[in-house]
There are 2 protein chains.
Amino acid sequence: MFDLKKTILIYGLSLAVLVFLLEYFEYRYFVHELSTEVFVFLIAIIFTGLGLWAGKKLTNQTKIEPPPFEQNEKAIRYLKISERELEVLELVAQGLSNKQISDKLFVSVNTTKTHLSHLYEKLDVKRRTQAVEKAKSLKIIE
Amino acid sequence: MFDLKKTILIYGLSLAVLVFLLEYFEYRYFVHELSTEVFVFLIAIIFTGLGLWAGKKLTNQTKIEPPPFEQNEKAIRYLKISERELEVLELVAQGLSNKQISDKLFVSVNTTKTHLSHLYEKLDVKRRTQAVEKAKSLKIIE
DNA sequence: ACGGTAATCACCCGAAAGTATGATTTTGCA
DNA sequence: TGCAAAATCATACTTTCGGGTGATTACCGT
């Protein structure tokens, strides 16, 4: 949007300058040396280019944006989910077992289970699959 | 891509026709009635329009498509996942327990477990969470 | 009529997950 | 410094899952 004014301005200026230059040179040099046909052709080319350029500028505010995952920090804070709990949650979402998670985080299975219990309470769910579902819908995890 | 040739063709034809018309009328009517300045202005406007149009045609192959979930039928067929198994898979993905799934489908827990076993085998996973993960990545489920 | 596949169910057993409770240590912050 | 939250671990118990095996029924196409 902020580009629109600039684009229009540049386009207008270009047009004005061109008209001025053409008008200026027209009677003095070109008309007598170049045929009107060629002159018209040049004008056509130039303004086609300008049209293309302006069109591109005016429409290219449709930039393809691959939806970047934005973690819902607010939800995390609101639910008081701790850093460690989040780590566990992410690993659960990857389909890892409690044992595998524990090995990755260098803690005992008991610790992992404790984190999970707290997570279930905070997310108000009963099972890991539900936790993953809910966490994804809340954009707590990807 | 298939539009490109058409666009160029139309553009070229328009240009040719215009040049021809201009050349034709130039000496007969306009030049003596309209000033060259106005004439140039008209050409500029016309070809700006053409440039805009061509530019739009040439760049508008970027259609914003809101990714509609398309179930990967091929994968389902390739993996030989049956209808019933798919139902179970979807319910698992919703975080339901085997018991809950069984109640929904009016079958015994054993049946649900059998379906799940087959699913794990076909999806080459060990746990329900992994199955959900994989099924989603294969676009077998949403 | 036969063979294959899908769906259904049962039983058993071990592994994994989840619950409850309590304890210790670490850490961040007032 | 001291307190609260977070992280860690343990023990014990229940529930759920998952694997293995086998059986019955039904449907579908040859």
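Only heavy atoms go into these numbers, but all of them, side chains included; no hydrogens, no water, no symmetry mates. Just so we're on the same page: letters track the sequence lines, and every chain starts at 1.
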Requested in this report: Tell me yes or no: between the side chains of A:T129 and B:T129, is some donor less than 3.5 Å from an acceptor?
Outcome: no
Query raised in the report: In terms of hydrophobic clusters joined by side-chain contacts under 4.5 Å, are A:I101 and A:V109 together?
Result: no
Query - salt_bridge(A:R128, B:E133) N-O dist < 4.0 Å - result: no
Query raised in the report: Whole-Å distance between D:dG22 P and B:N110 CG?
Result: 16 Å
Side-chain donor-acceptor distances from residues 74-83 of chain B under 3.5 Å, at least two apart:
| unit_1 | atom_1 | unit_2 | atom_2 | d |
| --- | --- | --- | --- | --- |
| B:S82 | OG | B:E85 | N | 3.3 |
| B:S82 | OG | B:E85 | OE1 | 3.4 |

Query raised in the report: Below 4.5 Å, heavy atoms only, C-beta onward: do B:L91 and B:T112 meet side chain to side chain?
Result: no
Query raised in the report: So A:T111 and A:S108, side-chain hydrogen bond (donor to acceptor under 3.5 Å, both in side chains) or not? Walk me through it.
Result: CA-CA 5 Å; A:T111 304; A:S108 77; 3.2 Å; yes
Query raised in the report: Do A:D124 and A:K134 have side-chain heavy atoms sitting under 4.5 Å apart?
Result: yes
Requested in this report: Check each residue of residues 112-136 of chain A for a non-hydrogen atom within less than 4.0 Å of any atom in DNA chain D, then write out the ones that pass by number, or none.
Outcome: A:T114, A:H115, A:R127
Query raised in the report: What is the distance from CZ of A:R84 to C1' of D:dT8, rounded to the nearest Å?
Result: 9 Å
Requested in this report: Go through residues 90-101 of chain B and report each residue with a non-hydrogen atom lying under 4.0 Å from DNA chain C, sorted by number.
Outcome: none
Query raised in the report: Do A:V92 and A:V107 belong to the same hydrophobic cluster, where Ile, Leu, Val, Met, Phe, Trp and Tyr are linked whenever their side-chain heavy atoms lie under 4.5 Å apart, directly or via other members?
Result: yes
Query raised in the report: Who pairs with A:E90 by salt bridge (charged side-chain N to carboxylate O under 4.0 Å, His left out), at least two apart in sequence or on another chain?
Result: none
Report task. Mind checking B:S82 for me? I need base, sugar-phosphate or nothing, with any heavy atom below 4.0 Å counting as a touch. Result -> sugar-phosphate
**Report entry** B:K104: partners by side chain to side chain donor-acceptor pair (under 3.5 Å), with sequence neighbours left out
**Finding:** none
Query - Nucleotide range of DNA chain C lying under 4.0 Å from chain B heavy atoms - result: C:dA6 to C:dA17
